[in-house]
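Here's the structure, in structure tokens; my notes come after.
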Amino acid sequence: MAVRIALFLLIGLGLAGIAVTVVVGLRPTAAPVVVAAPQEVVVPKAQILTAARVVRGGTLLLPDDVLSKTVLPADVPAGAWLDTLDTRAAIQGAMVRHQMEPGQPILHDDVVRPGERGFLAAVLSPGTRAATIGVDAVSGTAGLIWPGDRVDVILTQKIDDSTTPIGRRVVGETVIQNARVIAVDQHMTEGVAPGSALSNNTIARTVTIEVLAKEAEKVSVAATLGHLAVVVRSASEPVPVADDHPMVASVAQDGLVWSSDVSAAFRASPRNPDMTIHLFTGPQANAVEYHY
């Protein structure tokens, strides 16, 4: 009897173990715990415009004068220009108020932009004036003159006097030399990018140059005497100094060029070559010679 009871106990324990195993096997497996890696904190950055090299005060900003610099937002100086396409276009050709060193942030107060009040006055050197000359496709060098170029101004005039020898009735002279062009029409930007209003093959109607105060008067008088033409000087040519004032136009001293100096046809009349007229006047019959 005792043996039978022990046998039933063993059988019960075995069945209980099998039941526990089945129950445990049927339970869903818990998903493994994934420990997330710490996320990197992204610090926002700002791009500002700085001077790419030494930029002298009084010059106009060129694209190569500007460089982008990455800084933290907290380090952006007050009034700094942020680097965008619109900003670069807005300050191109702006006049620099004072000298800037490489890497120096460009601030709004550091420049005067074209179109802003006082821009033309700020571009002019002390003691100079802006003189505007009317030009056409020929006298304006076919639209190839740009702000920043150095030019000479040539006056050509006709002398309407029948008593003047024919070889002296047309004369040309350089009245201004080494004048800096500060504007072509209303464009005042050096190094204008291709495709802009100044580079689309339009012919300029006016050229504004920087001259000394007295030379501005000479330009005004010359415009009433005859035809003015603007000619571009070589960029490698030394810049002459006028009245100890560097980088400013001076009055030319090259003399006159007559029509007889240009064409042999005016050196003697085809009908009366080397003709001399003796004119006798007065009671003493003094002779006055006129050579043609």
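Every heavy atom of this structure was used, including side-chain atoms; hydrogens, water molecules and symmetry mates were not.
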Closer than 3.5 angstrom, by distance alone: can the side chain of D152 be matched with the main-chain N or O of A179 as a donor-acceptor pair?
no

Tightest non-hydrogen contact, residues A51 and M100, listed as CB-CB, 4.2 Å

Among side-chain atoms of T208 and T132, is any donor-acceptor pair under 3.5 angstrom?
yes

Mind checking the CD-OG1 spacing from E173 to T156? Nearest 0.5 Å is all I need.
9.0 Å

Can V181 and V207 be said to form a side chain to side chain contact (heavy atoms under 4.5 Å, CB included), step by step?
CA-CA 7 Å; V181 176; V207 172; 4.0 Å; yes

Heavy-atom donor-acceptor pair, T224 side chain to V221 backbone, under 3.5 Å
yes

Hydrophobic cluster membership, L82 vs I91, 4.5 Å side-chain cutoff:
no

Going from CZ on R233 to CG on D149, what distance comes out if it is rounded to the nearest 0.5 angstrom?
12.0 Å

P102 and A52: which non-hydrogen atoms are nearest, and at how many Å?
CB-O, 4.3 Å

Per the side chain to side chain contact (heavy atoms under 4.5 Å, CB included) rule, which among I209, I176, V231 passes with V151?
I209

Would Q104 and T50 count as a side chain to side chain contact (heavy atoms under 4.5 Å, CB included) here? Give the steps.
CA-CA 5 Å; Q104 180 179 343; T50 63; 6.0 Å; no

Cluster overlap V230 with V232, hydrophobic side-chain contacts below 4.5 Å:
yes

Got a second to check how far T164's OG1 is from K158's NZ, nearest 0.5 Å?
14.0 Å

P73 and P44 have their tightest heavy-atom pair at CD-O, 3.0 Å

So which of V111, D110, V112 actually passes side chain to side chain contact (heavy atoms under 4.5 Å, CB included) with R97?
V112

To the nearest 0.5 Å, what is the distance between CD (E217) and CZ (R129)?
9.0 Å

Might you work through the side chain to side chain contact (heavy atoms under 4.5 Å, CB included) test for R56 and V54, ending with a clear yes or no?
CA-CA 6 Å; R56 186 168 52 86; V54 175; 5.8 Å; no

Tell me whether L225 shares a hydrophobic cluster with L228, the cluster being built from Ile, Leu, Val, Met, Phe, Trp, Tyr side chains joined at under 4.5 Å.
yes

First locate atom CD of E210, then atom CZ of R180, and finally report the distance between them rounded to the nearest 0.5 Å.
4.5 Å

If hydrophobic clusters are built by linking Ile, Leu, Val, Met, Phe, Trp and Tyr wherever their side-chain heavy atoms come under 4.5 Å apart, do L72 and V76 end up in the same one?
no

Go through the side-chain N and O atoms of S259 and R168 and say whether any donor and acceptor fall under 3.5 Å apart.
no

Nearest-0.5 Å distance that lies between atom CZ in R88 and atom CG in L61:
11.0 Å

Please determine whether side chain to side chain contact (heavy atoms under 4.5 Å, CB included) holds for the pair V153 and V219, giving the CA-CA distance in whole Å, both sets of side-chain angles, and the decisive distance to 0.1 Å.
CA-CA 9 Å; V153 179; V219 171; 5.6 Å; no

Can a donor-acceptor pair be found between the side chains of Q47 and S68 at a distance below 3.5 Å?
yes

Would a hydrophobic clustering, with Ile, Leu, Val, Met, Phe, Trp and Tyr connected at side-chain separations under 4.5 Å, put V66 with I48?
no

Using only heavy-atom distances, determine whether the side chains of D161 and T163 contain a donor-acceptor pair under 3.5 Å.
yes

